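Below is one structure, written out as structure tokens, with a few remarks after it.
A quick note: this is a predicted structure, and the numbers were derived from the prediction, not measured.
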Amino acid sequence: MSTAVLLAGCGDGGGAVTSDSTAIPTALASAFPGSKATGTPVRIGLITNEGGASTSQPENREAADAARKYANDNLGGIAGRPIKFVVCKTKEEPATARDCANQMVEQKVDAVVLTSSAMGDSMVPIVTQAGIPWTSAVAASNAEATSTDSFSWTGGFPATMTSMAAYAKEKGYKKVAAFVIDAPAVVGGVEAIGKPVFVKAGIGLQIVAIAAGTPDASPQVSAALGNKPDAVAVIGESTVCTSVLQAMGTLGGDTPRMTVQSCVAPEVLDAVGAGMDGTQVFSGFDTASDDIEAQLYRQVMKRYSPDTPTQGYAAVGYQGVLGLVRALHGLTGEVTPKTIATALRSAKNVVLPAGHGSTFTCDSSAVPGLKAACSAQLITGTVSGGKLEKVRVIDPSPLFAR
């Protein structure tokens, strides 16, 4: 059996509303009310990291489009009007990132959703200075986390690092080696955010940069393990995850592993296989449990994008778009960048899509110093016996406190 099914969702269970291949379980019937959007479309810019030489995640765009179709068919889109995407694909390098940001301004979109990218610092200032709200499920850059008119449904990268630190403290670790994709925003973020919160938790953090596309990280892994860390963390996209985790399988013995969600993408699972067992995964979303939001995600994907793998990082696109729709639930009348930004600042206790019970509130109070963050909570679970088990929500707020 392919290990790409390791984190596949559990059966939906229950009865069905229809009898076709996209039958809706009874438990989800109320989530498909059939309230179709009508009228002039609301233009939302969708920026996605796709087509790069070393990084390309088309599944994130596909999941975002599934959320768009679901919202247009069932939730009245935005303010009763259908959502239309203006799509731009970056290649994970500054020039195309800036081009995408400029296209959003030229096309006069009403808001931007980023699926995922480490190029936020190249894009956010261009978009927000034009008065266009910038939104994402997971802010990965300083500009995304701190700019006016930027909104992140989760605590983004800072919450990921702080949750890892909270978990490491809980486990009694004293030294952690972090293998980090060699992108300035990510390495800089780990230095500026990760090290201080790990120190606050009483844990030393060694940072090892790994270039995207590295076929074999054994030399770097071997050198880091020479310092005898109590655990390792892997923070990167699928190629970095694969090279590091394969090397850990050969060199790392029983050293505990912590990873981000992108490390359970199908291609990583296929390459690493049973070596993933015991890995602690940190994520802004839950797609595999029996939680009602995880079930909804799988059902929406089955109906609107059935060929897209659901167990990797695709949900970041779904979460970004559906989070925007839910946050704008009460918006009526004219839809403009200004009315969207105002509505987002008023959004309170919005159910986070695929969030395992988490909610978000965009009043700039969730994470000190990061006014764009709408929540500090994160989800974690352990890969065990082919499934993600012991899924729970972590609130690392004590480590954010100053």
Which pair of non-hydrogen atoms, one from S116 and one from Y313, has the smallest distance, and what is that distance? CB-CE2, 3.7 Å
Could you go through the salt bridge (Lys or Arg N to Asp or Glu O under 4.0 Å) check for R68 and E62 one step at a time? CA-CA 10 Å; R68 180 190 69 84; E62 293 164 3; over 6 Å; no
Okay, side chain of K175, backbone of L205: is any donor-acceptor separation there less than 3.5 Å? no
Judged by modelled atom types alone, do D363 and S365 share a side-chain donor-acceptor pair under 3.5 Å? yes
Criterion side-chain hydrogen bond (donor to acceptor under 3.5 Å, both in side chains) on Q107 and R43, from CA distance to verdict: CA-CA 9 Å; Q107 293 290 322; R43 290 161 54 83; 3.0 Å; yes
Apply the side chain to side chain contact (heavy atoms under 4.5 Å, CB included) test between W134 and each candidate in I126, D149, L114, T148; give the one that qualifies. L114
Test salt bridge (Lys or Arg N to Asp or Glu O under 4.0 Å) on D73 and K36; report intermediate values, then the result. CA-CA 4 Å; D73 283 352; K36 285 189 174 291; 3.1 Å; yes
Backbone of T336 reached by a side-chain donor or acceptor of D110 within 3.5 Å: no
Quick one: do the K91 and S56 side chains pair a donor with an acceptor below 3.5 Å? no
Identify the heavy atoms of A97 and S122 that sit nearest to each other, and give their distance. CB-CB, 4.2 Å
Heavy atoms only: give me the nearest A166-P396 pair and the separation to one decimal. CB-CB, 4.4 Å
Residue pair R392, D286: steps toward the salt bridge (Lys or Arg N to Asp or Glu O under 4.0 Å) verdict: CA-CA 9 Å; R392 61 187 174 99; D286 161 31; over 6 Å; no
side-chain hydrogen bond (donor to acceptor under 3.5 Å, both in side chains) for E50 and T90? Distances and angles first, verdict last. CA-CA 6 Å; E50 193 170 341; T90 78; over 6 Å; no
Measure across V325 and L75 and return the closest heavy-atom pair with its distance rounded to 0.1 Å. CG1-CD1, 4.2 Å
Partner of Y70 under ring pair (Phe, Tyr, Trp, His ring centres under 6.0 Å), picked from F32, Y318, Y297, is F32
Which is it for E267 and S238 under the side-chain hydrogen bond (donor to acceptor under 3.5 Å, both in side chains) test, yes or no, and what are the steps along the way? CA-CA 7 Å; E267 59 270 26; S238 60; 3.0 Å; yes
Indicate whether the side chain of E144 and that of S152 have a donor and an acceptor atom separated by less than 3.5 Å. no
What pair of heavy atoms forms the shortest contact from A376 to A159, and how long is it? O-CB, 3.7 Å
Test salt bridge (Lys or Arg N to Asp or Glu O under 4.0 Å) on D65 and R61; report intermediate values, then the result. CA-CA 6 Å; D65 202 44; R61 170 183 49 78; over 6 Å; no
Does a donor on one side chain sit under 3.5 Å from an acceptor on the other, for T154 and Q377? no
Under 3.5 Å side-chain donor-acceptor pair for E334 and T339: no
So, taking the atom named CZ in R257 and the one named CG in D277, what distance separates them when rounded to the nearest 0.5 Å? 10.5 Å
Can you find a side-chain donor-acceptor pair between S305 and T308 that sits under 3.5 Å? yes
Side chains of D290 and Q295, donor plus acceptor under 3.5 Å: no
Does any donor atom in the side chain of D216 or S218 lie under 3.5 Å from an acceptor atom in the other side chain? yes
Less than 3.5 Å apart, any donor N or O on the side chain of D99 or Q103 sitting next to an acceptor on the other? yes
Side chains of S262 and E237: do they bring a donor and an acceptor to under 3.5 Å? no
What are the two closest heavy atoms between Q220 and F179, and how far apart are they? O-CE2, 3.9 Å
